[in-house]
Visitor: 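Here it is, the structure in full.
Note on naming: letters A, B, ... go to the chains in the order of the sequence lines (proteins, then strands), and numbering restarts at 1 for each one. Below, each value reflects all heavy atoms present in this structure, side chains not excepted, and no hydrogens, waters or symmetry copies.
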Amino acid sequence: MDYRRTYLKDLLTGKPGTLVEAYGWVKTRRDSKGVSFVQLNDGSIFTDLQVVIPAGTINDDDLKKVTTGSSVKFDGELVESPGSGQSVELLAKAVTIYGEADPATYPLQKKGASFEFLREIAHLRVRGNTFGAVMRVRNRAAYAVHSFFQDRGFNWIHTPVITASDCEGAGAMFAVTTSMEPVETAEGTRFKLTSDDPAEDFFGKPAYLTVSGQLNVETQCLGLTNVYTFGPTFRAENSNTPRHLAEFWMIEPEMAFCDITGDMNLAEEFVRSIIKDILTHCEPDLAFFDQRIEKGLIETLTHVADSDFERVTYTEAIDMLTKSGESFEFPVSWGCDLQSEHERWLTEKHIKRPTIVTDYPQEIKAFYMYANEDGKTVRAMDVLVPRIGELIGGSQREDRLDVLEAKIKANDLPLEAYWWYLDLRRYGSVPHAGFGLGFERLVMYLTGMKNIRDVIPFHRSSGQAEF
RNA sequence: UGCCGCAUAGCUCAGCGGUAGAGCAGCUGACUGUUAAUCAGCGGGUCGUAGGUUCGAAUCCUACUGCGGCAGCCA
């Protein structure tokens, strides 16, 4: 056996008359008196290979082991299929059983199971239609992300996963420590603190899992010009929504000699470019999502790939919301943060396509965002898309030393902790901008999947770390 | 974390105070090519956990656990 062999993806377009081997897992088997049909899949493509087994071709004992979930190899001949639903099929001559799957206990079945149930068997769900398709799209999207940036001269930067500064932002963080030991007791595992002094801990100071690589990547930006991160990110927020994870993958481009307009252009070009890539390279998977998960998905994606995003300022957005005549749970007024219901109305009901909102009030955005001349707003931008809400959050960064120092103080943050971040403004400061994009949210957008826990192989969220 | 809802067969659900049900899956058989195959038969349940009310609880009440929806936090 060797990885260099023909996969089902290629067999499905193979020439009738060819003798082939087909490895994979059995989806279903259907028996008639004179013939059995097996749907075989190896994950290389959405479409199953239909294997035809005329009665007597293989012995009954082996045929009985060809059940849903079992792993097998069929030797046979590719033939034109007389049935509808496939152009070629495999006329089996012999079978090799690698792993049986007891039909009485194997949890996956032909008919659809709920996503909630499949989450409990996340180690097996990738063998089903939906999760195989999700993982192929996820893979292709990751590849497309790198291609997009590499093609434009961006350098991939590996920012630290462990950070020893607790000044990254408002997000709750996971502590990283060796000062805590598990102790086995009659009640089960308990933790014992070996020291409560961070000075005695591994890093000599409090350490956490990163909530964002942005501050770090800005340093690399001011030297390499165009950079991006693509890696795991952690938030200890006790969020319980279909669009939050405790561990997720974030993409953060950062560009020197670039302002908020350039930032918006990149964000828009990025999203549209990834969509185009997926539309071209994941056709069978998208067809499935379009049919079974989100009706009209392909049409929506095609439309988004070909049309400009709407761009409005926060002030204009507030105006639209005020004049909408909608009764919102949270009243709208200038200065308030846009609630989910407001964002959804804007992008789903009113504008009906991806929308970039810019120039938010300073009070509701992070300290490092560039202050506008009006003294009230900052050069922030959020990209809102139907069904997902906020897909991207970004800004032009504050590059003026005095303004940045004043804002750090105004936010009651410790100036000395930001010494290296301020150095960037002290030495060779330039206008620069970037954004953060949640990779899983992008995959949700591409697939039509409704819950972020279903677009990552093993999700991590509050109370959930199985597998 | 707050509010609301749900928890019954392997899965999806019905039953809502009086002896536990269906469809699908599984098993057995039938059927000359099916593709969510079809048809017939069979097996399958401490009704999430712990208390409480009642002659009697899957059903009513309380707590806990898990899951989902919405909200907050954000990507």
Side-chain angles (χ1 to χ4, degrees), chain A residues 27-40 47-56 64 67-69 79 81-86 89 91 101-121 128-129 169-173 211-214 229-230 232-252 267 292 328-330 337-344 364-366 382-385 388-394 435-445 450-454 461-464 466:
Chain A
K27 279 244 184 83
T28 69
R29 192 186 81 213
R30 296 178 293 275
D31 297 316
S32 285
K33 188 175 187 181
V35 61
S36 289
F37 299 94
V38 168
Q39 298 296 125
L40 193 69
T47 319
D48 298 327
L49 175 70
Q50 171 159 287
V51 181
V52 184
I53 309 165
K64 275 182 185 168
T67 60
T68 302
V79 295
S81 178
S84 59
Q86 61 280 320
E89 60 189 22
L91 184 59
D102 183 356
T105 57
Y106 186 65
L108 285 171
Q109 53 182 254
K110 281 183 240 187
K111 295 211 174 182
S114 68
F115 290 140
E116 290 81 12
F117 169 68
L118 291 171
R119 239 168 262 156
E120 295 170 13
I121 51 162
N129 285 338
M173 301 167 91
V211 295
S212 164
Q214 187 204 310
T229 71
F230 187 1
T233 310
F234 308 86
R235 302 273 167 93
E237 304 289 349
N238 202 351
S239 300
N240 191 9
T241 82
R243 57 185 186 285
H244 288 86
L245 290 170
E247 176 183 303
F248 63 100
W249 285 64
M250 187 150 69
I251 297 151
E252 296 162 295
R292 293 289 181 88
F328 294 111
E329 189 187 340
F330 293 89
D337 208 350
L338 292 182
Q339 305 294 318
S340 284
E341 57 171 345
H342 305 145
E343 295 180 342
R344 293 182 74 146
I364 60 173
K365 286 292 179 182
D382 284 357
V383 179
L384 313 176
V385 299
I388 312 292
E390 187 178 340
L391 179 65
I392 290 176
F435 61 78
L437 172 140
F439 183 58
E440 282 75 17
R441 289 189 182 174
L442 179 64
V443 178
M444 286 172 78
Y445 191 55
K450 308 288 185 298
N451 195 312
I452 199 165
R453 296 167 183 186
D454 296 328
S461 56
S462 129
Q464 174 55 249
E466 188 64 63

Visitor: Do any side-chain nitrogens or oxygens of Arg29(A) fall under 4.0 Å of OP1 or OP2 in U34(B)?
Guide: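 So the side-chain polar atoms of Arg29(A) never come under 4.0 Å of the phosphate oxygens OP1 or OP2 of U34(B).
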Visitor: Closest heavy-atom contact between Leu118(A) and Ala113(A)?
Guide: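 Scanning both residues completely, I find the closest heavy atoms to be CD1-O, 4.0 Å.
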Visitor: When all nucleic acid strands are considered with a 4.0 Å heavy-atom cut-off, which category describes Leu245(A): base, sugar-phosphate, or nothing?
Guide: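 The residue Leu245(A) makes base contact.
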Visitor: Is Phe439(A) stacked on the base of A75(B), meaning ring centres closer than 5.5 Å and planes within 30 degrees of each other?
Guide: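 The base of A75(B) is not stacked with Phe439(A) (the test needs centres under 5.5 Å and planes under 30°).
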Visitor: Using the P atom in both, what is the distance from C16(B) to A75(B), to the nearest Å?
Guide: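 Pairwise P distance, C16(B) against A75(B), rounds to 49 Å.
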Visitor: Rounded to whole angstrom, note down the P distance from G18(B) over to G23(B).
Guide: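 Per the computed distance, 23 Å lies between those P atoms.
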Visitor: Keeping Glu341(A) on the side-chain end and Glu329(A) on the backbone end, is there a donor-acceptor pair under 3.5 Å?
Guide: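 Flag set: sc Glu341(A) to bb Glu329(A) pair under 3.5 Å.
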Visitor: Which nucleotide in the set U34(B), C11(B), C74(B) lies at the smallest distance from any side-chain heavy atom of Gln86(A)?
Guide: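 Per side-chain heavy atoms of Gln86(A), the pick is U34(B).
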Visitor: So which nucleotide does C64(B) pair with, by the Watson-Crick or G-U wobble rule with both distances under 3.5 Å?
Guide: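 Pairing partner, where one exists within any strand: G48(B).
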Visitor: Using a cut-off of less than 4.0 Å, is there contact between a side-chain N or O of Ser32(A) and OP1 or OP2 of A37(B)?
Guide: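 For A37(B), neither OP1 nor OP2 has a side-chain N or O of Ser32(A) closer than 4.0 Å.
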Visitor: Taking the minimum atom-to-atom distance to the side chain of Glu89(A), which one of G33(B), A71(B), G26(B) wins?
Guide: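 In terms of side-chain proximity for Glu89(A), the closest of G33(B), A71(B), G26(B) is G33(B).
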Visitor: Once you apply a heavy-atom cut-off of 4.0 Å, does Asp48(A) come out as touching a base, just sugar-phosphate, or nothing?
Guide: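 Counting heavy atoms under 4.0 Å across all strands, no contact is made by Asp48(A).
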Visitor: 5'-most contact on RNA chain B: Ser81(A) or Thr241(A), nearest heavy atom basis?
Guide: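 Looking at the nearest nucleotide for each, Ser81(A) comes out on the 5' side.
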Visitor: Please name the nucleotide paired to G2(B) by Watson-Crick or G-U wobble geometry with both distances under 3.5 Å, or report none.
Guide: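 With both distances under 3.5 Å, G2(B) matches C70(B).
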Visitor: If we take the C1' atom in both C6(B) and G52(B), what is their distance in whole Å?
Guide: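 My reading of the C1' atoms in C6(B) and G52(B) gives 22 Å.
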Visitor: Scan every strand shown for a Watson-Crick or G-U wobble partner of A22(B), both distances under 3.5 Å, and answer none if you come up empty.
Guide: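 Its partner is U12(B).
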Visitor: Quote, to the nearest angstrom, the P distance that separates C11(B) from G33(B).
Guide: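 C11(B) and G33(B) have their P atoms separated by 33 Å.
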Visitor: So does Gln339(A) get a side-chain nitrogen or oxygen closer than 4.0 Å to the phosphate oxygens (OP1/OP2) of G72(B)?
Guide: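 For Gln339(A), the contact criterion (side-chain N or O under 4.0 Å from OP1 or OP2 of G72(B)) is met.
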Visitor: Check every atom of C74(B), U12(B), U35(B) against the side chain of Glu390(A) and return the nucleotide holding the closest atom.
Guide: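 Comparing C74(B), U12(B), U35(B) against the side chain of Glu390(A), the answer is C74(B).
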Visitor: Determine whether Arg30(A) and Gln39(A) make a side-chain contact, defined as any pair of heavy atoms from C-beta on separated by less than 4.5 Å.
Guide: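 Yes - at least one pair of side-chain heavy atoms lies under 4.5 Å apart.
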Visitor: What's the closest nucleotide to the Thr28(A) side chain, out of G69(B), C11(B), A37(B)?
Guide: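 Nearest nucleotide to the side chain: A37(B).
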Visitor: Over all strands shown, is Ser36(A) touching base, sugar-phosphate only, or nothing at heavy-atom distances under 4.0 angstrom?
Guide: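 No contact.
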Visitor: Write down the distance between CD (Gln109(A)) and P (A37(B)), rounded to a whole number of angstrom.
Guide: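 So the CD-P distance, Gln109(A) to A37(B), works out to 12 Å.
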Visitor: In this structure, how many angstroms lie between the C1' atom of G69(B) and the NE2 atom of His244(A), rounded?
Guide: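 About 15 Å, once rounded to whole Å.
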Visitor: With P as the reference atom in both, quote the distance from G45(B) to A63(B) in angstrom, rounded to an integer.
Guide: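 Taking atom P in both G45(B) and A63(B), they lie 32 Å apart.
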Visitor: Under 4.0 angstrom, heavy atoms only, what part of the nucleic acid is Phe117(A) near: base, sugar-phosphate, or nothing?
Guide: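 Sugar-phosphate: the residue Phe117(A), judged by heavy atoms under 4.0 Å, touches backbone atoms but no base.
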Visitor: Of the options G26(B), C67(B), U12(B), whose atoms approach the side-chain atoms of Ala104(A) most closely?
Guide: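 Comparing G26(B), C67(B), U12(B) against the side chain of Ala104(A), the answer is G26(B).
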Visitor: Verify the contact: side-chain N or O of Arg30(A) to OP1 or OP2 of A37(B), cut-off strictly under 4.0 Å; return yes or no.
Guide: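 Arg30(A) to A37(B) OP1/OP2: side-chain N or O found under 4.0 Å.
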Visitor: Reckon Gln50(A) touches a base, only the sugar-phosphate, or nothing at all at heavy-atom distances under 4.0 Å?
Guide: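 Base contact.
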Visitor: Grab the two heavy atoms, one from Gly69(A) and one from Ala101(A), that are nearest each other, plus how far apart they are.
Guide: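 Taking every non-hydrogen atom into account, C-CB, 3.5 Å.
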Visitor: Let me know the distance between NZ of Lys27(A) and P of A36(B), rounded to the nearest Å.
Guide: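 After rounding, the reported distance stands at 12 Å.
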Visitor: Do the two ring centres, one from Phe330(A) and one from His342(A), sit under 6.0 Å apart?
Guide: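 Ring centres of His342(A) and Phe330(A) not closer than 6.0 Å.
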Visitor: Could you state the atom-to-atom distance from CZ of Phe330(A) to P of C3(B) in whole Å?
Guide: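 Between P of C3(B) and CZ of Phe330(A): 15 Å.
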Visitor: How far apart are the C-alpha atoms of Glu116(A) and Asn451(A), what are their side-chain angles, what is the distance that settles it, and do they pass the side chain to side chain contact (heavy atoms under 4.5 Å, CB included) test?
Guide: CA-CA 10 Å; Glu116(A) 290 81 12; Asn451(A) 195 312; over 6 Å; no
Visitor: Using a cut-off of 4.0 Å on non-hydrogen atoms, how would the nucleic acid contact of Ile388(A) be classed: base, sugar-phosphate, or nothing?
Guide: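 If one applies the 4.0 Å heavy-atom cut-off, Ile388(A) turns out to touch nothing in the nucleic acid.
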Visitor: Quick one: is C74(B) close enough that its OP1 or OP2 comes under 4.0 Å of any side-chain N or O from Ser239(A)?
Guide: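 No, because none of the side-chain N or O atoms of Ser239(A) sits under 4.0 Å from OP1 or OP2 of C74(B).
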Visitor: Tell me whether the side-chain N or O atoms of Arg441(A) pair up with the base of C74(B) as donor and acceptor below 3.5 Å, since no angle test is needed here.
Guide: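 When only heavy-atom distances are counted, Arg441(A) does reach the base of C74(B) through a donor-acceptor pair under 3.5 Å.
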Visitor: Partner of U59(B) by Watson-Crick or G-U wobble geometry, both contacts under 3.5 Å, or none?
Guide: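 Pair assignment: U59(B) / none.
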Visitor: To the nearest Å, give me how far apart CG (Asp102(A)) and P (G44(B)) are.
Guide: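 Taking CG of Asp102(A) and P of G44(B), I get 17 Å after rounding.
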Visitor: Check this one for me: any side-chain N or O of Arg292(A) less than 4.0 Å away from OP1 or OP2 of A36(B)?
Guide: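 Answer no for this pair, as no side-chain N or O of Arg292(A) is under 4.0 Å from OP1 or OP2.
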Visitor: If you measure from the P atom in A20(B) to the same atom in C47(B), how many Å do you get, rounded?
Guide: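 After rounding to an integer number of Å, I get 10 Å for this pair.
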Visitor: Checking base pairs now: Watson-Crick or wobble, both atom distances under 3.5 Å. What partners U38(B)?
Guide: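 Matched U38(B) with A30(B) under the 3.5 Å cut-off.
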Visitor: To the nearest 0.5 Å, how far apart are OG1 in Thr229(A) and CE in Met250(A)?
Guide: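 Going from the OG1 atom of Thr229(A) to the CE atom of Met250(A) covers 6.5 Å.
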Visitor: Does Trp249(A) reach the side chain of Glu440(A), with side-chain heavy atoms less than 4.5 Å apart?
Guide: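 The answer is yes, as the side chains (C-beta and beyond) meet within the 4.5 Å cut-off.
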Visitor: Both Gln39(A) and Pro103(A) contact RNA chain B. Which one's nearest nucleotide lies toward the 5' end?
Guide: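 Upstream on the strand: Pro103(A).
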Visitor: In whole Å, I'd like the distance from the CD atom of Glu120(A) to the P atom of U65(B).
Guide: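 About 18 Å, once rounded to whole Å.
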Visitor: Remember a base hit wins even if backbone is also touched, and classify Gly436(A) as base, sugar-phosphate or nothing at under 4.0 Å, heavy atoms.
Guide: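 If one applies the 4.0 Å heavy-atom cut-off, Gly436(A) turns out to touch the sugar-phosphate alone, with no base involved.
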Visitor: Separation of Glu341(A) atom CD from G69(B) atom P, in whole Å?
Guide: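 Going from CD in Glu341(A) over to P in G69(B) covers 18 Å.
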Visitor: What contact category does Pro242(A) fall into here, base, sugar-phosphate, or nothing, at under 4.0 angstrom with non-hydrogen atoms?
Guide: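 Touches sugar-phosphate only.
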Visitor: When rounded to the nearest Å, what value does the distance between C1' atoms of A9(B) and A22(B) take?
Guide: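 Comparing C1' positions in A9(B) and A22(B) gives a spacing of 11 Å.
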Visitor: Among U32(B), U34(B), U35(B), which is the nearest nucleotide to the side chain of Ser84(A)?
Guide: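 Of the options given, the side chain of Ser84(A) lies nearest U35(B).
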Visitor: Between atom CG in Asn240(A) and atom C1' in G72(B), what is the gap in whole Å?
Guide: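 My rounded result for the distance is 12 Å.
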Visitor: How many angstroms lie between CD in Glu247(A) and CD in Gln464(A), if you round to the nearest 0.5 Å?
Guide: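 The distance works out to 12.0 Å.
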Visitor: Any donor-acceptor pair under 3.5 Å joining the side chain of Arg235(A) to the base of A75(B)?
Guide: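 A donor-acceptor contact between them is present.
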Visitor: U59(B) and U19(B): how far apart are their C1' atoms, nearest whole angstrom?
Guide: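 Their C1' atoms lie roughly 15 Å apart.
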